[in-house]
Amino acid sequence: MSQDLRFRFAPSPTGVLHIGGARTALYNWLAARGSGGKLVLRIEDTDRERSTPENVEQIFDALRWLEFDWDEGPLSQAERADRHAARLAELLDSGAAYRDSATAEDVKAYKAEHGADAGYRGTPSDEPGAAVRLHVPDEGETVVEDLIHGPVAFPNRSQDDFVIARADGSVLYNFAVAVDDAEMGITDVVRGDDHLSNTPKQLLVLHALGAEIPRYAHLPLLHGPDGRKLSKRHGAASVQELRDQGYLPAAVRNYLALLGWGTTDDTTLLSTEELVERFRIEDVGRASAVFDEQKLRWINGRFMRELPLDEYVERVAAHLGREPDERLRAGCEIAQEKAQTLYELWPLIRFLLEPPVDDPKAWRRVMGEGTRPLLEAARDALAAADGFGAADVEAALEPLLARLDVKPGRLYQPIRVAITGTTVSPGIFESLVALGREESLARIGAAIARMGA
RNA sequence: GGCCCCGUGGUCUAACUGGCUAGGACGCCGGCCCUUCAAGCCGGAUAUUGCGGGUUCGAGUCCCGUCGGGGCCA
């Protein structure tokens, strides 16, 4: 078992953890856990505008919600900047990099002369306004040994002598990350496909630095149903939204894991332990995937139903921002089978915690002609019941069906509307029991009164 | 424009070094159950594995070409 593996995850600090980013984090985390390594989190600070402490904290929040653990990057922002400067000077001294004052036009002109597929090669200069470029060999190729794609070769002659630092000394992305990886001892880089063609540049920097090369795994990107990169327009696009909509972290982890990877034996529902045990980064597919919220909902429903009641109540209470009292617990007990998300549970148990809702449509549809005698009979029967357990309630109401010669729905739906205000609720007997005899009678009475003569 | 990646039913995927009547899941349709809505159970439709060649007794799996989608850089 190799120890001290460091997987890095570097979300951009916009405050939003996108689903694609969350999957990347998950794969990093699973791979790290599976190999005895650890996940190192480093926030990308390239976008100063949006890189506020609040935004960074929001990313951490989302990651914590997913129940990941990680180490913060071993180097502070300031330390990183120091290393960048030092390494840059090093490359300049050794001649691996050089100053060049060429403009974009100059590069274009170079290509016009040498061919479009010829990488730009500059001439060293001492001018003050010169940027720093890295020397790229003319011969051979730089190959990325990718765990998912296999070897991917990039011809060196087509690669520009790319800019690694601006004239003012500020470093560019491909140089900065390569230095960071080297300085932080990153052993495994698991990130999106969009970085695949950046990788040869980072390798070139690493080579010039004489640093160790990490293992790379480039994940396929996530797309929306329209085939374009997943974004806000496609509904839930961030982990924060998923959380707000009442999804369970374990279900989200399960679903995300399946978005680009599958088990050989066709298992769909996996606990996190199983995920850690079975996930292998090498088995991740190469094609981009489409986020399908319907499947997430299904998986979430399965996890919801399998949750122990105590934990279920806790999760629900947290989501609703309420105390987990007896009423709530009673509601959870009778509605756990029915909700796919925490969010969906509320309309089902609301009647226990608040007065019945006013739903004119439901009322009109169910409380038609001849309903009043049915409700009166139900009220009387419930009032006279021996006890008020589910069996007692059923024993009280069931005989009415034959006596009044009505189908079950004709009797039960009006009761349902009377006590909840809506046509959808948990089982009618359980609902009455959870509400209690007194309150049930009061609500049925109120409904009768509302119907008038 | 250059370089690179990808292409299995609507969606996510499985198929060790070529042998499978292309498997599973979500969704969809139908049925059962039934006090509503779900869930559950049963059954069904949907894939000439982007397309065209080639190698082979045999290709989703190998080779060539082509189309389409995407990424990075410019």
Side-chain angles (χ1 to χ4, degrees), chain A residues 104-105 107-108 110-112 114-120 141-144 146 148-150 152-160 162-163 173-174 192-201 218-229 254-270 283-302 304-305 335-340 344-345 347-348 362 365-366 378 393-394 397-398 400-401 406-417 420 422-432:
Chain A
E105 283 68 44
V107 173
K108 201 180 285 178
Y110 182 95
K111 303 237 179 203
H114 295 81
D117 64 342
Y120 171 77
E141 49 192 21
T142 298
V143 0
V144 179
D146 193 276
I148 294 172
H149 292 271
V152 181
F154 296 82
N156 287 332
R157 70 170 293 272
S158 296
Q159 188 78 256
D160 288 340
F162 55 100
V163 177
Y173 175 77
N174 284 310
D193 244 353
D194 48 345
H195 285 289
L196 186 51
S197 33
N198 280 329
T199 310
K201 293 177 188 167
H218 286 92
L219 269 27
L221 262 19
L222 250 36
H223 292 268
D226 56 359
R228 315 200 64 186
K229 205 168 169 175
N254 189 161
Y255 176 70
L256 254 26
L258 260 18
L259 217 47
W261 172 82
T263 55
T264 306
D265 63 0
D266 295 329
T267 309
T268 302
L269 269 4
L270 298 123
D283 294 337
V284 172
R286 290 184 290 275
S288 63
V290 173
F291 175 68
D292 176 18
E293 195 170 341
Q294 287 195 101
K295 187 161 183 175
L296 205 211
R297 285 174 53 79
W298 175 79
I299 290 180
N300 201 67
R302 297 292 299 247
M304 293 269 291
R305 264 169 266 124
Q336 181 170 11
E337 290 298 307
K338 306 170 101 54
Q340 304 260 85
E344 283 174 16
L345 192 72
L348 292 170
R365 186 142 40 92
V366 174
V393 171
E394 180 167 8
L397 295 178
E398 207 272 328
L400 299 181
L401 265 27
V406 291
K407 292 192 170 164
R410 185 69 184 94
L411 173 66
Y412 298 144
Q413 277 302 79
I415 298 176
R416 176 169 279 119
V417 171
T420 71
T422 71
T423 55
V424 178
S425 85
I428 192 65
F429 307 133
E430 294 84 349
S431 293
L432 286 163

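First the proteins, then the strands, lettered A, B, ... as listed; each starts at 1.
With values rounded to the nearest 0.5 angstrom, A/Asp146 atom CG is found 9.0 Å from A/Leu219 atom CG. The CG atom of A/Leu411 sits 11.0 Å away from atom CZ of A/Arg416, with the distance rounded to the nearest 0.5 Å. In this structure, CG in A/Asn300 is found 10.0 Å from CD in A/Glu293, a value given to the nearest 0.5 Å.
A straight line from NZ of A/Lys111 to C1' of B/G2 spans 6 Å, rounded to a whole angstrom. For the pair A/Glu394 CD and B/U35 P, the computed distance is 9 Å after rounding to whole Å. In this structure, A/Tyr120 atom OH and B/C3 atom C1' are separated by 19 Å, rounded to whole Å. A straight line from NZ of A/Lys201 to P of B/A74 spans 6 Å, rounded to a whole angstrom. Rounded to an integer number of Å, the gap from A/Gln340 CD to B/C37 P is 15 Å. Atoms CZ (A/Arg286) and C1' (B/C6) sit 9 Å apart, rounded to a whole Å. One can place CG of A/Asn300 at 16 Å from C1' of B/A25, the figure rounded to the nearest angstrom. A straight line from CG of A/Asp117 to P of B/C73 spans 19 Å, rounded to a whole angstrom.
Residue A/Ser158 has its side chain nearest to B/C3 when only B/C3, B/C5, B/A38 are considered. For A/Ala116, whose side chain is taken as the heavy atoms from C-beta onward, the closest listed nucleotide among B/U35, B/G71, B/G2 is B/G2. Considering only side-chain atoms of A/Lys338, the nucleotide from B/C37, B/C3, B/C5 that sits closest is B/C37. Closest to the side chain of A/His223, from the set B/C4, B/G70, B/A25, is B/G70. Checking B/U35, B/G71, B/G40 against every side-chain atom of A/Arg305, the shortest atom distance belongs to B/G40. Here B/U35 is the nucleotide among B/G71, B/U35, B/A38 with the atom lying nearest to any side-chain atom of A/Tyr412. Side-chain atoms of A/Trp298 lie closest to B/C26 of the nucleotides B/C26, B/C37, B/U35.
Comparing the P positions of B/C62 and B/U49 gives a spacing of 15 Å, expressed to the nearest Å. Between B/C63 and B/C5, the distance separating the two P atoms is 13 Å to the nearest Å. B/G58 and B/U21 are spaced 14 Å apart, taking the P atom of each and rounding to whole Å. Distance check on atom P: B/U46 versus B/G40 gives 25 Å, rounded to whole Å. Rounded to whole Å, the P atom of B/A59 lies 32 Å from the corresponding atom of B/G70. Spacing of C1' atoms, B/C16 relative to B/C41, comes out at 35 Å, to the nearest Å. B/C33 and B/C37 are spaced 14 Å apart, taking the C1' atom of each and rounding to whole Å. For the P atoms, the distance linking B/U55 with B/G60 amounts to 16 Å, nearest Å.
With a 3.5 Å ceiling on both atom-pair distances, the Watson-Crick or G-U wobble partner of B/G30 is B/C42. Of the nucleotides present, none pairs with B/G60 by Watson-Crick or G-U wobble criteria with both distances under 3.5 Å. Nucleotide B/C73 is matched to B/G1 when pairs are restricted to Watson-Crick or G-U wobble geometry with both distances under 3.5 angstrom. When both distances must be under 3.5 Å, the Watson-Crick or G-U wobble mate of B/G9 does not exist. The base-pairing partner of B/G65, taking Watson-Crick or G-U wobble contacts with both distances under 3.5 Å, is B/C51. Pairing of B/U36, defined by two Watson-Crick or G-U wobble distances under 3.5 Å, is not identified with any nucleotide.
Residue A/Arg157 is out of contact with every strand shown, counting any heavy-atom pair closer than 4.0 Å. When heavy atoms are screened at a 4.0 angstrom cut-off, A/Ser425 is found touching base atoms of the nucleic acid. Contacts of A/Ala153 with the nucleic acid, taken as non-hydrogen atoms under 4.0 Å apart, involve only primed sugar atoms and P, OP1 or OP2. At a threshold of 4.0 angstrom between heavy atoms, the contacts of A/Phe162 with the nucleic acid are absent.
Proximity of A/His218 to the phosphate of B/C5: no side-chain N or O atom is located under 4.0 Å from OP1 or OP2. OP1 or OP2 of B/U36 has not a single side-chain nitrogen or oxygen of A/Arg416 nearer than 4.0 Å.
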Which pairs, protein N/O on one side and nucleotides 10-15 of chain B N/O on the other, fall under 3.5 Å?
from	atom 1	to	atom 2	distance (Å)
B/C12	OP1	A/Val290	N	3.0
B/C12	O2'	A/Leu258	O	2.6
B/C12	O2	A/Lys295	NZ	3.2
B/U13	OP1	A/Gly260	N	2.8
B/A14	O2'	A/Thr264	O	3.4

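Under the 3.5 Å distance criterion, the side-chain polar atoms of A/Asp292 are matched with a main-chain donor or acceptor of A/Gln294. The closest donor-acceptor contact from the side chain of A/His218 to the backbone of A/His149 lies at 3.5 Å or more, if one exists at all. A/Ser431 contributes a side-chain N or O that, together with a main-chain N or O of A/Pro426, makes up a donor-acceptor pair within less than 3.5 Å. With hydrogens and angles disregarded, no donor-acceptor distance shorter than 3.5 Å links the side chain of A/Glu337 to the backbone of A/Arg305. A/Asp117 places no side-chain N or O within donor-acceptor distance of the main-chain N or O of A/Arg157, the cut-off being under 3.5 Å.
The ring pair (Phe, Tyr, Trp, His ring centres under 6.0 Å) with A/Tyr255 is formed by just one residue from the set A/Trp261, A/Trp298, A/Phe291; it is A/Phe291.
For A/Gly409 and A/Asp160, each mapped to the nucleotide of RNA chain B holding its nearest heavy atom, the one lying further toward the 5' end belongs to A/Gly409. With the nearest nucleotide of RNA chain B identified for both A/Thr267 and A/Thr423, A/Thr267 has the one nearer the 5' end.
Listed here is the closest heavy atom pair of A/Lys111 and A/Ala118: NZ-O, 3.4 Å.
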